[in-house]
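Encoded as structure tokens, the structure appears first; notes follow it.
Every number for a ligand or one of its atoms is a count from 1 in the order of the listing. When a residue number appears, it is its place in the shown sequence, counting from 1. The model shown is predicted, which means the values in this text are computed figures rather than measured ones.
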Amino acid sequence: MCGIVGYVGKQKAVSILLEGLKRLEYRGYDSAGVCVLQSGQLDVAKKIGRVDNLTREVSQRRFGGTTGIGHTRWATHGGVTDANAHPHLSSDAKFALIHNGVIENYGQMKQFLIGKGYTFRSETDTEVLCNLIAYHYAKEPVGNNGTNRFLESVRKSLRHVEGTYGIAVLCVDFPGELVAARKASPLLLGVGDGEYIIASDASALISRTQNVVYLKDGEIVHLTPASFSITTLDQADVSPVVDKITWSITDADRGDFAHFMEKEIFEQPLALENTMRGRFSEDGSTANFGGLNLTAAELRQIDRFLFCACGTAWHACLVTEHLIEQFARIPCEVDYASEFRYRNTPLHSNTLFFVVSQSGETIDTLAALREAKRKGHKVLAINNVVGSTIAREADGGIYQHVGPEIGVASTKAFTSQLMVGAMIALYVARLRDMSFSDGVKYVNALKGAPALVQRALEQAAHIQEIAKRYAQYHDMLFLGRLSLFPLALEGALKLKEISYIHAEGYPAAEMKHGPIALISESCPSVFFAPTNEIFPKVVSSMQEIKSRKGPVIAIVTERAELPSGLADEVIAIPDCHEAVLPIVAAIPVQLLSYYIAVERGCDVDKPRNLAKSVTVE
Ligand code: AGP
């Protein structure tokens, strides 16, 4: 969840590191730090709070070296203090280390190192690893068989580590060199023009190069100004594959928007186009997925779907479940990845198993994938980040193609996951009982989704006005039915995440079984009330709220006729096909949460306690 960046080259390292950290800040923002190797010493600056604090600190000192590492932290071990911020130095000041992940056996190693005379300044697991490297380095005064002593002491230390890590290390005795390694924490190497950048995320290096090597678990990279080499923990050589990142620096810029979240909300029509591009059959009656690696005959054997994900991606899976069952008539189940990994769910051979993750790095989702693979089951992934760990470990899958999502609160990735889910439902329905003409109608509806989303976005000013009236409440309910029940969950999650208002999502009729006790003048309810066969039932639920003085915000489709005076606020979205409705219905709740958070003065893109991708358990 932390962000890490390292530089080896000819330029002044510190400015490149600070720029990288600024771009990585969405990964964690409790504290930040840099270390530069110059004139035979490791110069460190670290500060709690945002990267801007660190930048101010750095500007008051001289940081001239061309090799360095930087880190932005999301605290796991030890509170948010300057001392616990990374980089950490070994007690002999020979090594500096940054780390993303959790070292589970750090307690044991710490006791061992204290016994050997090593001292500690922080409460972190990271400082323990740094001293362990120093210990192995001191023990082995010359490189074995001409091997690099710095590299070998890192390798040796990592063999003792239980847990997860993405690390980058500097050693005073090796100016211009850097060693980095990963296990279950993302790490990639940017291969630039006479320079190398190591980072936990492409956004930290994209301004310098689009050529990258995605490191695999158990790999160690050794950088010098002139070359790089990759080996494994067992000293085997790895032949690097250099990939090209398909997006550019402008995709990761905020442009004229106040926040990344706002930009990403308004980008959704284009993002949906990109998700659909090239994925419909020539006859316009079904979807095509190149990456599933399954024949039509194999797919016809499927008698159950299982989807695993976390957070917003889990909500997207619930909508997909509805559509697959509705249109393809195949039973579908959705599990939290964090539960699936320990639950020992039966996985029969005719179950098609999907994991869904925007980042492709969420540790619970990755663990679910690995658990299914361990059982010999094929795993498919729906994912937005090319080259992510989940994308690489899955047996096939579907990329979302929406470009980098920087706002911590997921928006465009969510609606694109809904789109992919709708396309999967269509694809399997057409392999079974959906007719050609129904397929054509479905495809046309999906193709029309970006324009309908655009129309929903035109409600922004109206929603902003509503947000002003509701920004000071402490509790809110979100209520929806059928495919919009997951949207109620998502609306509540969005509001909680960025405005810190307590919110809960329920199926509208379920409200009577408990949550109605919360209803009063001070607890508004946001209702999804589209025109469909159960519209009158939703209206009844609204009436139950209203008769208990609960304010009602109704999100209706344009043809819906609400009894006058029932809703305090009405937001109209276009009427649409059942497969498109959840996508369009996402827009008002995203905008409502966004404007409420802005109204409350919250830091929308960096909400407290959160980080963009959750790479620790
Ligand atoms: C979304 O707003 C959240 N920040 C969070 O729930 C997120 O969706 C979840 O952590 C899963 O992330 P992933 O899609 O990258 O796996």
Side-chain angles (χ1 to χ4, degrees), residues 1 3 26-29 74 184-186 200-203 259-262 264-265 268 271 275 307-320 334-341 354-370 379 381-391 393-394 397-400 402-418 420-421 478 486-487 489-500 503 505 586 589-594 597 602-617:
M1 304 180 60
Y26 73 127
R27 293 275 172 170
Y29 31 83
W74 187 89
S185 284
S200 51
D201 182 323
S203 59
H259 299 98
F260 278 105
M261 183 181 178
E262 186 190 23
E264 287 156 8
I265 289 174
Q268 287 176 105
T275 302
F307 285 83
C308 269
C310 302
T312 286
W314 183 79
H315 298 155
C317 294
L318 293 178
V319 175
T320 303
V334 178
D335 206 353
Y336 284 114
S338 53
E339 288 297 300
F340 173 86
R341 62 184 293 191
F354 272 95
V355 290
V356 183
S357 170
Q358 184 284 131
S359 62
E361 302 294 350
T362 300
I363 197 82
D364 287 322
T365 313
L366 179 61
L369 172 152
R370 287 179 175 166
V379 181
I382 298 170
N383 163 238
N384 187 38
V385 180
V386 177
S388 63
T389 310
I390 286 176
E393 294 197 14
I398 302 166
Y399 278 121
Q400 299 175 230
V402 298
E405 188 181 68
I406 313 276
V408 167
S410 184
T411 52
K412 65 175 178 175
F414 174 62
T415 47
S416 106
Q417 285 161 357
L418 297 182
V420 171
F478 285 75
L487 267 291
L489 295 176
E490 175 62 7
L493 178 67
K494 284 290 89 90
L495 189 68
K496 277 186 270 213
E497 279 190 298
I498 58 170
S499 72
Y500 320 135
V589 284
Q590 292 173 349
L591 287 171
L592 187 65
S593 308
Y594 172 71
C602 297
D603 192 344
V604 172
D605 284 334
K606 298 184 190 70
R608 72 180 179 212
N609 303 339
L610 299 182
K612 183 66 182 164
S613 89
V614 183
T615 55
V616 294
E617 195 175 350

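- The closest donor-acceptor contact from the side chain of N384 to the backbone of G403 lies under 3.5 Å.
- Remark: ligand 1 atoms within the under-4.0 Å shell around heavy atoms of K494 are 1 (C), 2 (O).
- Counting atoms of ligand 1 from 1 in the listed order, those under 4.0 Å from a heavy atom of A409 are 2 (O).
- Listed by number with element, the atoms of ligand 1 under 4.0 Å from a non-hydrogen atom of T312 are 1 (C), 2 (O), 6 (O), 8 (O).
- A donor-acceptor pair under 3.5 Å is absent between the side-chain atoms of Q358 and the main chain of A313, judged by distance alone.
- Distances from atom 14 (O) of ligand 1 to the heavy atoms of E490, Q590, Q358 put Q358 nearest.
- Checked by atom type, the side-chain pair Q268/T415 shows a donor-acceptor distance below 3.5 Å.
- Of the protein's non-hydrogen atoms, the one nearest atom 9 (C) of ligand 1 is C310 O, 3.6 Å.
- Using a 4.0 Å cut-off between charged side-chain N and carboxylate O, R370 and E393 make a salt bridge.
- Scanning the protein for heavy atoms near atom 10 (O) of ligand 1, the closest one is V614 CG2, 4.1 Å.
- Checked by distance only, ligand 1 and T365 stay at 3.5 Å or farther apart across all their nitrogen or oxygen atoms.
- The distance from ligand 1 to the heavy atoms of S410 drops below 4.0 Å at these ligand atoms: 1 (C), 2 (O).
- For ligand 1 and G311, the ligand atoms under 4.0 Å from any heavy atom of the residue are 6 (O).
- Side-chain contact between D364 and Y336 is absent, with no heavy atoms from C-beta onward closer than 4.5 Å.
- Between L493 and E490 there is a side-chain heavy-atom pair separated by less than 4.5 Å.
- Using a 30° and 60° split on the angle between ring planes, Y594 and H259 fall in the perpendicular class, above 60°.
- The protein non-hydrogen atom at the shortest distance from atom 2 (O) of ligand 1 is E497 OE1, 2.6 Å.
- In E361, neither the side chain nor the backbone holds a heavy atom less than 4.0 Å from any atom of ligand 1.
- Between T389 and E361, the side chains place a donor N or O and an acceptor N or O closer than 3.5 Å (distance only, hydrogens not considered).
- Nearest protein heavy-atom contact of atom 13 (P) of ligand 1 is T362 OG1, 3.2 Å.
- Ligand 1 places these atoms under 4.0 Å from at least one heavy atom of S359: 13 (P), 15 (O), 16 (O).
- Backbone and side-chain nitrogen or oxygen atoms of V356 are examined, and none is located within less than 3.5 angstrom of a nitrogen or oxygen of ligand 1.
- Using a 4.5 Å heavy-atom threshold, the side chains of V319 and L487 count as touching.
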